[in-house]
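Below, chains carry the letters A, B, ... as their sequence lines are ordered, and counting in each starts from 1.
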There are 2 protein chains.
Amino acid sequence: MKPVTLKQIAEILDISVTTVSKALKDYPDVSKKTKGLVRDLAQTLNYKPNEFAVNLRTKESKTIGLIIPEIVHHFFSSVIKGIINQAEKKGYLVIILQSNESYDLEKKQLKLLLNKRVDGILISIANGTADFNHLEEVLRDGKPLVMFDKIAKVVNCSKVIIDDRKAAYNATQHLIDTGCKRIAHFRGPLLPQNSIDRFLGYKKALLDNNIEYDSSLVYICECGDKSFEEGKLNAKKVLEDHSDVDGIFINTDMVAIGAITAFKDLGVKIPEDISIVGFSNWFMSSAITPTLTTINQPGYEMGKKAFKQLYKELKTLKKEKHIIPKIIELETNLVERNTTKPILKN
Amino acid sequence: MKPVTLKQIAEILDISVTTVSKALKDYPDVSKKTKGLVRDLAQTLNYKPNEFAVNLRTKESKTIGLIIPEIVHHFFSSVIKGIINQAEKKGYLVIILQSNESYDLEKKQLKLLLNKRVDGILISIANGTADFNHLEEVLRDGKPLVMFDKIAKVVNCSKVIIDDRKAAYNATQHLIDTGCKRIAHFRGPLLPQNSIDRFLGYKKALLDNNIEYDSSLVYICECGDKSFEEGKLNAKKVLEDHSDVDGIFINTDMVAIGAITAFKDLGVKIPEDISIVGFSNWFMSSAITPTLTTINQPGYEMGKKAFKQLYKELKTLKKEKHIIPKIIELETNLVERNTTKPILKN
DNA sequence: CTGAAAGCGCTTACAG
DNA sequence: CTGAAAGCGCTTACAG
């Protein structure tokens, strides 16, 4: 019941703890015979090195921390999967915390992880986060920090992102190319960089096509638990406010699916009356009727890349070298489905 | 850059390490003055106790391990959320691993966690797991183990479950009560206990209502990434094989939604031609048209209860008392929506 | 109220 | 090829 220690093995074999330790780690300066003896006994006794002692000596825990705004979310859970799969391959374990989009919680959790002495931190910041001192703190602690998806531009660490502005531009351009003239936008909250960038991409596409930007066509969604309901609600509002709208670029697929549901109930034909482009390529977007045209956002890939970058920095740090922050941008692409019309020939 | 230690604080204040340690932990036998001095300095130096050393002394890591078959899954991600929220409240951190429904991976990961010396383990076992020695090993190690949702009956540990058989019975009974006479079942894989239990509940409901059980009406789904597609496929098969089927009880909502999609494409009217009851009450089931009648399976609650039980056992163990395994059964309920007809009056 | 000392279980530089 | 010793940074029983 009580765990076996090196000392016990040493006593049984009547050799030193040093030799046992070396034998188990296959040091070249231990005889084959001794190694065999030690290994066999370790096996029979089911010896497991005490990680706490190892950590204390080596000053690393082979554990990283991950803070994410919301776990029950298809995009984020894909990212998590990418991270832990990759981490496991490299011998790292991942502690996961959920900030619930709250700045206070995020701050507290970051402290928790730092106290726990994880080797590095992966984070996607909360919508509520506008002050970044807690993130700088990680860097001051000398720990690698990699942000992904929801990042803070001003923090000088590595980041794995997509070009939200470009993706949104393409989404909007697609609506224009398929004949839409009066295009609304359901955007995300005001603070997070990606909902700002998606909004700016939308706006730029309009301007580049000589379509006047009308702020009354922009609707805000919190994009929390209620995304689906918000989509329904905003869909109804658009119809009331602007009977001439013929296309909508929507911040996330979940909201888009809410909107589609409402439009179907109200007898609005998609894409004939109103075309819709979503964002994220959640698998339900190919399941709903009509299937949703959307921007494919590679979650699993993003998680994988984020861990890989953190791992690189972990190794750089071990060599006592300086970390040079890197911005990694993943490609997105438009997936054409049935909520938009075919592209007009000209 | 290098972390501050108790020793450094002691040297600066010219007192002993012992006193510093005690002052920080608010021992009653340290003078107020000393306490103040120590705390202030600790604060300015941004002292953080070295958890590795603390772990080594206290023999606990305040960390638990969680193994789950699949993270990108609404039910499981809800469970995770319940677990980590509850754990955080009690000062525990959670390391999450994904078994990918593979026995080999699950076994390897369990070993990993045991080596890491987590204080306890929470697990939902893989579909591929038929041998339970790796689970017994946890118990032999003297570590608390709590299983949830997908459990192994023979392992003598605490379990948090729902009564799958009863829930499936109720689902099937509802189909019968709403007038269905020829009821098919899309079941899960052969091995896991819950898909067996759901099947048995289905069968029993038929028998209790004097409806003959016909094995050709039972279709198997892997219920992995392809659930949605499997639902579509099986829906088509049912129509080909049995034109007289008027109701289907389906193992999971995702598969059910696939089936609904296929039926709509094929012009089958739901619930007029075929009624459907799903399982899990995934939020999409209230978003799809028609909204899906289903069994509500409380994921978040299950996670919360599972951690609470583990926490209790952790405390029991600290008191050197023996753990008495407990089976905790959560209530499920049928959520009536539009894929079933109103209940017949008689 | 304060502190010297032992010890948690390992690793590794050093001596022989 | 083997081992004594120091040390990682803390906690706690014990002495004064």
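- Applying the salt bridge (Lys or Arg N to Asp or Glu O under 4.0 Å) test to pairs two or more places apart or on separate chains, those with a residue in residues 298-319 of chain B are E60(B)-K318(B), E301(B)-K305(B).
- Of the residues in residues 32-47 of chain B, those placing a heavy atom less than 4.0 Å from an atom of DNA chain D are Y47(B), in numerical order.
- Ring planes of H73(A) and F75(A): perpendicular class, angle over 60° (limits at 30 and 60°).
- Per the geometry, CG belonging to L56(B) stands 6 Å off C1' belonging to dG9(C), to the nearest Å.
- Side-chain N or O atoms of K159(A) include one that pairs as donor or acceptor with a backbone N or O of K153(A) at under 3.5 Å.
- Distance alone, capped at 3.5 Å, is enough to place a donor-acceptor pair between the S124(B) side chain and the F148(B) backbone.
- Put simply, CD1 on I9(B) is 17 Å from C1' on dG3(C), counting in whole angstrom units.
- The salt bridge (Lys or Arg N to Asp or Glu O under 4.0 Å) analysis of residues 91-114 of chain B, with sequence neighbours excluded, yields the pairs E101(B)-K150(B).
- Here N115(B) contributes atom CG and N50(A) contributes atom CG; the two are 10.5 Å apart, rounded to the nearest 0.5 Å.
- Comparing S31(B) and A53(A) along DNA chain C, the residue whose closest nucleotide (by nearest heavy atom) sits nearer the 5' end is S31(B).
- Here dC8(D) presents its C1' atom at 13 Å from CG of L6(B), a figure rounded to the nearest Å.
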Could you list all N or O pairs between the protein and nucleotides 12-16 of chain D that sit under 3.5 Å apart?
{"unit_1": "dT12(D)", "atom_1": "OP2", "unit_2": "Y27(B)", "atom_2": "OH", "d": "2.8"}
{"unit_1": "dT12(D)", "atom_1": "O4", "unit_2": "T18(B)", "atom_2": "OG1", "d": "3.4"}

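- Of the side-chain N and O atoms in T19(B), none sit less than 4.0 angstrom from OP1 or OP2 of dT2(C).
- In terms of modelled atom types and a separation under 3.5 Å, the side chain of S21(B) and the main chain of V17(B) share no donor-acceptor contact.
- Put simply, the side chain of K143(B) gets close to the backbone of V118(B): a donor and an acceptor are under 3.5 Å apart.
- In this structure, CD of E11(A) is placed 12 Å from P of dG9(C), rounded to the nearest angstrom.
- Stretches of at least 3 consecutive Watson-Crick or G-U wobble pairs, with each checked distance under 3.5 Å, appear in DNA chain C as C:1-3 with D:14-16, C:5-12 with D:5-12, C:14-16 with D:1-3.
- When the P atom of dT2(C) is taken as reference, atom CD1 of I15(B) falls 8 Å away, rounded to whole Å.
- Taking side-chain N and O atoms only, K59(B) has a distance below 4.0 Å to OP1 or OP2 of dG9(C).
- Rounded to whole Å, the distance from CG on N55(A) to P on dC10(C) is 12 Å.
- Pairs engaging residues 18-35 of chain A under the salt bridge (Lys or Arg N to Asp or Glu O under 4.0 Å) rule: K22(A)-D29(A), D26(A)-K35(A), D26(A)-R39(A) [sequence neighbours left out].
- As rounded to whole Å, 14 Å separates atom P of dT11(C) from atom CG of D26(A).
- Residue N115(B) contributes atom CG, which lies 16 Å from atom P of dG9(C) at whole-angstrom precision.
- Put simply, the side chain of S61(B) gets close to the backbone of R117(B): a donor and an acceptor are under 3.5 Å apart.
- A distance of 12.5 Å separates CG of L310(B) from CD1 of I123(B), quoted to the nearest 0.5 Å.
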